[in-house]
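Remember, it's 1-based here, ligands and their atoms both numbered in the order they're listed. By convention here, the first residue in the shown sequence is residue 1. Here the structure is a predicted model, which is why all the values come from computation and not from measurement.
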Amino acid sequence: MRTQVVIIGGGPSGLLLSQLLHRKGIDTVVLERKTRDYVLGRIRAGILEVGFVDLMREAGVGARLDRESHIHDGTVIAYEDQEFRIDFKEMTGSHVVVYGQTEVTRDLYDARAAMDGKVVFNAEGVTIHEADGDAPYVTYEKDGSTHRIDCEFIAGCDGFHGVSRQTIPLDVRREYEKLYPFGWLGVLSETPPVHDELIYSGSERGFALCSMRNENLSRYYVQCSLSDTPEDWSDDAFWTELKRRIPGKYAEALVTGASIEKSIAPLRSFVTEPMRWGRLFLCGDAAHIVPPTGAKGLNTAASDVHYLYNGLVQHYHDGDSHGIDTYSEKALARIWKAERFSWTTTNLLHRFPDQSEFDLKMQLADVNFLRDNVNAQKVFAENYIGLPY
Ligand code: FAD
Ligand code: DHB
């Protein structure tokens, strides 16, 4: 088989890139290790920046998103017994959009199928060959035989545990990592959200987040120990803990119910440089991870797709390689800023095991500064709604 761009990974970045390129007449094949249902079963992000929404529209998959998503003009920040609101609209003139990653992925799979896009599921043992030469190719196993796809470029959209990043030799690749000493336990429940905006809450017992997908679907998180498993947490234990970490008025209003999904994610900051090696480009979680506080994971994947898509179109349509030559530099410049915001917001609202009384006073001073200072709120809002591409 032959194609122009092999895309490894059928998560949101791989699918969005494939869909965008297809509409510009650039041929792709997407190789996904799992099944479609498996990918759609993963409950992850829920907040989209406007830049992401615009890309979905450009990819021709904005209709359901425009119909069913919800605009959020602000968010609540709580700390111990106090709370305040950051008004995105007033601070930036813009907003974010609530629409689940599952729905984004479903829309993209449907669009790919409608356009006869080539997506290979259950592709095992994907291996990248000669990415630093002029004739790269990718092999994979499926149904007991080995397949080969010759191509011009490879997009590594295969997430943190994928093969693409590992293909870049260690003497070229530089990795930066910070592990946090806790995770997030997330619960999805068919209950009305406790409030019409998100609540990011720091408390003596640790961080909690009240989020949502729609009028009758809520997503809640609590900071938990890295050694916890979802089985350690009954629904009752979860709701009790959540109520203790949010201001009283929300705890009283919280509608609880059976969880329909429960999972734990460890928190990590991670960046690999460069994001290009020869004809291989890394995109999304394959190249970087942020702790989820601030909702930047999926949104940084989208900005990578934006830069790579535009670079490839410039290359194929105008014969100009400037966009792909500067891809790594441009993507990383934006990513490091999102890393900074996610790290700052994590530090602002979580309890760390080794925090001293002084550290806690500094945390409180940071929260109070944000509460009282309009410039600090503007900085928060600009980062939250998404820095320009
Ligand atoms: P992925 O979504 O990871 O997609 C990569 C795809 O590649 C997967 O489908 C995988 O099966 C496939 N793949 C992997 N290896 C191979 C291989 N060798 N060959 C072929 N295919 C392969 N972000 C937020 O903003 N908010 C959140 O609440 C949030 N929660 C998260 C919870 C968890 C448990 C995780 C892991 C991430 C979370 N994120 C969250 C981050 C966000 O979901 C990711 O940033 C986003 O999924 C990145 O998209 P991606 O397409 O780059 O990678
Ligand atoms: C969600 C996750 C986040 O990490 C975040 O900052 C906001 C919302 C969510 O899953 O809804």
Counting from 1, what ligand 2 atoms have a heavy atom of [X] closer than 4.0 Å?
X      : result
Tyr200 : 5 (C), 6 (O), 7 (C)
Leu198 : 7 (C), 8 (C)
Gly46  : 9 (C), 10 (O), 11 (O)
Ile47  : 7 (C), 8 (C)

* Asked: Strictly under 4.0 Å, does any heavy atom of Arg213 approach an atom of ligand 2?
  ->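 The answer is yes, since Arg213 has a heavy atom less than 4.0 Å from ligand 2.
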* With a 4.0 Å cut-off on heavy atoms, does Arg44 reach ligand 2? ->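 Judged by the 4.0 Å heavy-atom criterion, Arg44 does count as contacting ligand 2.
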* **Contact with ligand 1 for Arg219, non-hydrogen, under 4.0 angstrom** =>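 Arg219 does not count as a contact of ligand 1 under the 4.0 Å cut-off.
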* For Phe160, is the nearest heavy atom under 4.0 Å from an atom of ligand 1? ->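 No, Phe160 has no heavy atoms under 4.0 Å from ligand 1.
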* Considering distance alone, does some N or O of Ser211 sit under 3.5 Å from an N or O of ligand 2? ->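 Among all N and O atoms of Ser211, at least one is under 3.5 Å from an N or O of ligand 2.
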* To do: Would you check whether Leu209 has a nitrogen or oxygen atom less than 3.5 angstrom from a nitrogen or oxygen atom of ligand 2?
  =>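 Min N/O separation from ligand 2 is not below 3.5 Å for Leu209.
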Looking at [atom], what's its closest protein heavy atom, distance included?
atom                    : answer
atom 2 (O) of ligand 1  : Arg44 NH1, 3.0 Å
atom 11 (O) of ligand 1 : Glu32 OE2, 2.6 Å
atom 10 (O) of ligand 2 : Tyr221 OH, 2.6 Å
atom 4 (O) of ligand 2  : Pro292 O, 2.7 Å

Can you tell me if [X] and [Y] form a side-chain donor-acceptor pair at under 3.5 Å?
X      : Y      : answer
Asp285 : His161 : no
His22  : Arg112 : yes
Arg351 : Gln223 : no
Tyr79  : Gln363 : yes
Ser225 : Ser227 : yes
Glu152 : Tyr316 : yes
Tyr250 : Glu83  : yes

Would you tell me which option among [options] has the nearest heavy-atom contact to [atom]?
atom                    : options                       : result
atom 16 (C) of ligand 1 : Asp285, Val138, Asp158        : Asp158
atom 53 (O) of ligand 1 : Gly294, Pro291, Gly159        : Gly159
atom 9 (O) of ligand 1  : Lys34, Arg268, Arg42, Arg33   : Arg42
atom 49 (O) of ligand 1 : Gly284, Ala295, Pro12, Ser263 : Pro12
atom 47 (O) of ligand 1 : Gln101, His161, His288        : Gln101

Under 4.0 Å from a heavy atom of [X]: which atoms of ligand 1 are those, numbered in the order shown and with their elements?
X      : result
Ser13  : 49 (O), 50 (P), 51 (O), 52 (O)
Val39  : 9 (O)
Val126 : 19 (N)
Ala265 : 34 (C)
Leu31  : 20 (C), 21 (N)
Cys157 : 5 (C), 6 (C), 7 (O)
Tyr221 : 28 (O)
Gly11  : 4 (O), 6 (C), 9 (O), 51 (O)

Measure the spacing between [atom1] of [X] and [atom2] of [Y] and express it to the nearest 0.5 Å.
X      : Y      : atom1 : atom2 : value
Gln377 : Arg85  : CD    : CZ    : 10.0 Å
Leu20  : Leu308 : CG    : CG    : 10.0 Å
Tyr221 : Leu188 : OH    : CG    : 8.5 Å

* **Close side-chain approach of His72 and His95, heavy atoms under 4.5 Å** =>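 No, side chains not in contact.
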* Asked: Is the closest side-chain heavy-atom distance between Arg33 and Tyr38 below 4.5 Å?
  ->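 Heavy-atom side-chain distance check fails, nothing below 4.5 Å.
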